[in-house]
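The structure appears below as structure tokens.
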There are 2 protein chains.
Amino acid sequence: MPMRVTADDVARAAGVSRAMVSRAFTPGASISMRKREHVHSVAQRLGYRPNLIARGLTGQRTGLIAVVVGEISRPYEAWLLEHLVKALSTQGYQPLLLAVQGGSLTEMLDHALAYQVDGAIVAAGLVSREIADRCRASGAPLVLIGRVLEKSATDAVCCDNKEGMRLLAARLAGQGRRRLAWLGGTLDTFSDQERGRALEASLADHGVTLLTRRRGDFSQASGVIEGGRLLDAGLGLDGIICANDAMALGVLDAAAQRGIKVPDDLAVTGFDDVPGAALGRCPLTTVRNPVSETAHAALELLKARLQTPGRATQVVRVGVTLVERTSA
Amino acid sequence: MPMRVTADDVARAAGVSRAMVSRAFTPGASISMRKREHVHSVAQRLGYRPNLIARGLTGQRTGLIAVVVGEISRPYEAWLLEHLVKALSTQGYQPLLLAVQGGSLTEMLDHALAYQVDGAIVAAGLVSREIADRCRASGAPLVLIGRVLEKSATDAVCCDNKEGMRLLAARLAGQGRRRLAWLGGTLDTFSDQERGRALEASLADHGVTLLTRRRGDFSQASGVIEGGRLLDAGLGLDGIICANDAMALGVLDAAAQRGIKVPDDLAVTGFDDVPGAALGRCPLTTVRNPVSETAHAALELLKARLQTPGRATQVVRVGVTLVERTSA
DNA sequence: CGCAATTTTGCACGCGCTTTCAAAACGGAG
DNA sequence: CTCCGTTTTGAAAGCGCGTGCAAAATTGCG
């Protein structure tokens with residue numbers, strides 16, 4: 001039963017008051033240099049570290065940030081999560097990880113709020129206006145990633161889906177491909193909707209319309225299945241545009257199984273440029289979704305709002321670039 | 001500036017003492033049914049939720065568990081993390097996510113301990129005896145995943161690497177393959193060491209010795225590079241055993257680039273059976289590492305020790321199975 | 001050396017909750 | 001109606017720390 005060493009212990013051992021110990025560990029507090037060093041050395045000797053839970057009780061800050069993602073095992077989510085964690089911890093925040101998988105977002109956020117998180121970064125789930133308001137009411141700012149609320153009711157950062165699709169459409173049209181199909185992701189997903197819509201619009205600018213479309217669940221496995229259906233439909237497709245890389249990789253597999261030559265007979269494009277898109281049988285032509293930039297932008301938005309709660313909500317659109325590889 | 005509603009507010013509104021509010025939210029506390037329901041309804045109306053930070057200050061429990069992983073963007077880590085998070089949150093724990101990427105494990109754990117985590121699950125980094133002791137001293141049990149300390153100084157759960165390698169060796173030897181190479185992962189990694197050693201031992205039982213070996217960093221990209229070197233060495237290899245799936249997938253790419261037929265000319269095996277191993281050009285023959293079971297076992301060990309701090313340390317070896325697909 | 005201006009320090013209160021402990025309310029037996 | 005054994009309740013003491021405030025120590029200057 002190990003008794004944790006507290007500020008009182010250090011104070012006693014250092015022959016000062018407990019307040020001094022507290023100040024010694026508070027940057028910018030009123031304390032003489034000598035004393036601070038002395039306290040620090042004694043603390044070190046005793047193995048003392050301020051109890052951040054107790055500290056969080058008084059101050060307005062716990063340093064905890066709720067991070068909500070979907071299925072972590074999906075490449076993009078994992079990739080984003082990695083950058084978020086990195087960004088948060090180098091800025092002195094601690095990520096409280098929540099994964100929505102069937103569970104309700106509202107419930108998860110409630111639980112996180114009970115831990116007095118300083119804020120939340122949500123990259124998954126359906127975020128309603130109501131949820132956003134609830135967070136605001138609890139004083140925990142919310143930043144969305146990859147989804148924006150109508151009337152931009154919440155700070156958000158999202159890649160420029162429209163531009164990405166414009167680039168892809170231009171490329172495909174430039175190659176003279178006209179028999180195209182769209183492989184979307186889970187319905188009710190912001191990325192899916194925005195990308196799908198942007199694709200049709202951009203294609204229209206080139207006088208092309210989609211021959212058909214199907215829907216997967218953003219997983220590689222679903223790419224294989226739905227891609228196969230697309231190819232088996234006998235439409236003579238010469239291009240399949242996918243809502244993300246994982247599905248595109250799946251489509252590539254489906255094409256290979258059928259002996260279809262990529263990119264000669266069929267072009268396949270992804271979205272995100274996850275690590276792994278460049279690898280494999282046929283390096284993917286895709287749109288680079290800058291996750292690192294995204295993660296940092298999200299954190300910046302969060303910090304800005306923490307500092308100025310009243311500021312106008314802001315939606316950051318991070319720029320994308322076309323990554324031309326061999327699949328298209 | 002939203003004032004959080006506290007137990008006092010509820011007490012006042014419900015006409016009871018604050019102690020009653022606390023008890024109303026403490027399962028099994030001494031309180032009449034009527035009163036509990038009454039308090040609950042008032043709390044609901046006011047939008048009250050117990051402040052878990054404050055609760056953690058008094059009680060011995062914060063409900064926080066430090067989860068340490070390596071690079072989340074690696075399939076196995078992401079997969080494991082997903083299961084860990086799921087397991088933890090369904091049991092009422094909250095994962096505090098730490099990613100070691102260059103940063104020191106000791107430092108990370110120190111930081112987590114400052115948050116009074118109830119325990120830590122570590123699936124990455126070099127865990128020294130010293131670190132383990134430090135955690136124990138802080139009263140936060142440590143459970144290792146995929147690594148065990150000498151003399152099993154810490155609770156740990158790890159898949160049966162030896163058995164996995166035995167199965168692989170038997171399979172390869174049974175196919176009459178004798179010109180084999182080993183593609184290991186990062187040195188100083190427990191999995192790498194145990195798997196590599198077990199492979200040689202099992203191979204020896206079949207009268208086979210490795211022709212050569214190289215080392216990647218567990219990433220698919222490194223599989224492409226090192227696999228390529230292996231194939232270009234002109235050794236006439238007929239099998240490459242990889243320390244994990246990602247590298248095996250990379251080797252498959254390297255082989256395809258060189259027009260080498262798998263499995264006819266070359267067998268390639270992985271380890272873990274991550275989602276994605278079954279997909280792609282050539283479904284991977286590999287060893288299934290049961291992550292879900294692993295995650296649950298880790299949590300069980302943690303809970304057991306939380307309940308009985310003095311119990312003997314235990315190392316759980318979760319069973320593996322050979323997954324025969326086409327790559328070998 | 002004296003006095004005002006300026007750090008530096010300690011006391012004590014509070015953050016929101018849990019948890020003894022003793023008092024109050026209850027309930028049934030005599 | 002009383003007495004005693006049981007719940008049920010409220011008052012109060014923390015949990016470990018931050019911080020405003022006033023006292024103490026230090027400094028600068030005459």
Side-chain angles (χ1 to χ4, degrees), chain A residues 1-40 42-43 46-64 113-118 138-140, chain B residues 1-40 42-43 46-64 113-118 138-140:
Chain A
M1 211 97 340
M3 265 311 276
R4 276 162 152 129
V5 29
T6 125
D8 261 318
D9 302 331
V10 178
R12 217 167 302 127
V16 299
S17 75
R18 201 180 47 70
M20 281 302 105
V21 179
S22 171
R23 291 191 175 104
F25 283 92
T26 307
S30 160
I31 181 176
S32 66
M33 201 68 88
R34 270 167 42 81
K35 212 129 228 171
R36 164 164 291 170
E37 278 164 13
H38 177 221
V39 171
H40 270 165
V42 173
L46 265 54
Y48 167 78
R49 295 220 45 177
N51 179 331
L52 295 181
I53 289 293
R55 177 177 282 187
L57 190 54
T58 359
Q60 308 306 3
R61 231 187 82 101
T62 57
L64 295 173
L113 288 176
Y115 273 102
Q116 315 300 109
V117 294
D118 292 340
S138 298
Chain B
M1 212 97 343
M3 266 311 276
R4 275 159 154 133
V5 28
T6 121
D8 261 318
D9 301 330
V10 178
R12 216 167 302 127
V16 298
S17 73
R18 202 193 44 250
M20 281 300 106
V21 179
S22 171
R23 290 196 254 261
F25 283 93
T26 307
S30 160
I31 181 177
S32 67
M33 201 67 88
R34 270 169 41 82
K35 211 130 227 169
R36 163 165 298 178
E37 277 164 13
H38 177 222
V39 171
H40 270 165
V42 173
L46 264 53
Y48 167 78
R49 296 218 45 177
N51 179 331
L52 294 180
I53 290 293
R55 175 177 284 186
L57 189 54
T58 338
Q60 305 308 2
R61 228 188 84 101
T62 57
L64 295 173
L113 288 176
Y115 274 101
Q116 315 300 108
V117 295
D118 292 340
S138 299

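So you know, we letter chains A, B, ... as the sequences are listed, proteins then strands, and number each from 1. Every heavy atom of this structure was used, including side-chain atoms; hydrogens, water molecules and symmetry mates were not.
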Practice prompt. Could you tell me which residues satisfy salt bridge (charged side-chain N to carboxylate O under 4.0 Å, His left out) with A:Asp9, sequence neighbours excluded, listed by chain and number?
Written response: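 By the salt bridge (charged side-chain N to carboxylate O under 4.0 Å, His left out) rule, A:Asp9 matches A:Arg12.
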Discussion item. According to salt bridge (charged side-chain N to carboxylate O under 4.0 Å, His left out), who are the partners of B:Arg55, at least two apart in sequence or on a separate chain?
Written reply: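 Partners of B:Arg55 under the salt bridge (charged side-chain N to carboxylate O under 4.0 Å, His left out) test: none.
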Worksheet item: Do A:Thr62 side-chain atoms and A:Gly56 backbone N/O form a donor-acceptor pair below 3.5 Å?
Response: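 Side chain of A:Thr62 to backbone of A:Gly56, a donor-acceptor pair under 3.5 Å: no, none is there.
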Worksheet item: So does A:Thr6 get a side-chain nitrogen or oxygen closer than 4.0 Å to the phosphate oxygens (OP1/OP2) of D:dC15?
Response: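 So the side-chain polar atoms of A:Thr6 never come under 4.0 Å of the phosphate oxygens OP1 or OP2 of D:dC15.
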Discussion item. Taking only side-chain N and O atoms of A:Thr58, does any of them lie within less than 4.0 angstrom of OP1 or OP2 on D:dG18?
Written reply: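 For D:dG18, neither OP1 nor OP2 has a side-chain N or O of A:Thr58 closer than 4.0 Å.
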Item to complete: For residues 14-38 of chain B, pull every pair meeting salt bridge (charged side-chain N to carboxylate O under 4.0 Å, His left out), keeping only residues two or more places apart or in separate chains.
Response: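 Pairs touching residues 14-38 of chain B that pass the test: B:Asp8-B:Arg18.
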Fill in: Partner residues of B:Phe25 under the ring pair (Phe, Tyr, Trp, His ring centres under 6.0 Å) criterion, sequence neighbours left out
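If we apply the ring pair (Phe, Tyr, Trp, His ring centres under 6.0 Å) test to B:Phe25, skipping adjacent residues, the hits are B:His40, B:Tyr48.
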Worksheet item: To the nearest 10 degrees, what angle separates the axes at the start and end of the helix from C:dC1-D:dG30 to C:dG30-D:dC1, five pairs each?
Response: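 It works out to 40° between the end axes.
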Worksheet item: For B:Ser22, which residues count as a side chain to side chain donor-acceptor pair (under 3.5 Å) partner, sequence neighbours excluded?
Response: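 B:Ser22 satisfies side chain to side chain donor-acceptor pair (under 3.5 Å) with no other residue.
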Discussion item. The criterion is side chain to side chain donor-acceptor pair (under 3.5 Å); which residues satisfy it with A:Thr6, sequence neighbours excluded?
Written reply: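 None.
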Item to complete: Nearest-nucleotide wise, let me know which of B:Asp8 and A:Ser32 is further upstream toward the 5' end of DNA chain C.
Response: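 Checking each residue's closest nucleotide, the 5'-ward one belongs to A:Ser32.
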Discussion item. Need one value for B:Phe25: base, sugar-phosphate or nothing, where a base atom within 4.0 Å counts as base even if backbone is also close, heavy atoms only.
Written reply: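 No contact at all - B:Phe25 keeps every heavy atom at 4.0 Å or more from the nucleic acid.
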Practice prompt. Tell me what B:Ile31 touches on the nucleic acid: a base, only sugar-phosphate, or nothing, going by heavy atoms under 4.0 Å.
Written response: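 Result for B:Ile31 = sugar-phosphate.
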Quick one: [X] [atom1] to [N] [atom2], roughly how many Å, whole number?
{"X": "B:His38", "N": "D:dT8", "atom1": "NE2", "atom2": "P", "result": "17 Å"}
{"X": "A:Gln60", "N": "D:dG18", "atom1": "CD", "atom2": "C1'", "result": "11 Å"}
{"X": "A:Met20", "N": "D:dC17", "atom1": "CE", "atom2": "P", "result": "15 Å"}
{"X": "A:Gln116", "N": "D:dG16", "atom1": "CD", "atom2": "P", "result": "19 Å"}
{"X": "A:Arg55", "N": "D:dG16", "atom1": "CZ", "atom2": "C1'", "result": "11 Å"}
{"X": "B:Met33", "N": "D:dT8", "atom1": "CE", "atom2": "P", "result": "9 Å"}

Worksheet entry | Single hit among B:Val10, B:Thr26, B:Val42 for side-chain contact (heavy atoms from CB on, under 4.5 Å) with B:Val21 |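 When B:Val10, B:Thr26, B:Val42 are each tested with B:Val21, the side-chain contact (heavy atoms from CB on, under 4.5 Å) holds only for B:Val10.
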Fill in: 5' priority, DNA chain D, between A:Val5 and B:Gly15 [closest heavy atom]
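Mapping each residue to its closest nucleotide by heavy atoms, the 5'-most match is B:Gly15.
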Discussion item. For a quick check, with a 4.0 angstrom heavy-atom cut-off, what is the B/S/- contact string for nucleotides 19-24 of chain D, read 5' to 3'?
Written reply: BBB---
Worksheet item: Which residues satisfy the side-chain contact (heavy atoms from CB on, under 4.5 Å) test with A:Ala114, sequence neighbours excluded?
Response: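 If we apply the side-chain contact (heavy atoms from CB on, under 4.5 Å) test to A:Ala114, skipping adjacent residues, the hits are B:Leu52.
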Item to complete: Taking side-chain contact (heavy atoms from CB on, under 4.5 Å) as the test, write out the residues that go with A:Thr58, two or more places apart.
Response: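 side-chain contact (heavy atoms from CB on, under 4.5 Å) check on A:Thr58 returns nothing, list empty.
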Worksheet item: Which two nucleotides bound the region of DNA chain C that has atoms under 4.0 Å from heavy atoms of chain A, read 5' to 3'?
Response: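 The footprint of chain A covers C:dT8 to C:dG16.
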Worksheet item: Is there side-chain contact between A:Ile31 and A:Met20, with heavy atoms separated by less than 4.5 Å?
Response: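 A:Ile31 vs A:Met20: side chains touch.
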Worksheet item: Any side-chain heavy atom of A:Asp118 sitting closer than 4.5 Å to one from A:Leu64?
Response: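 No, side chains not in contact.
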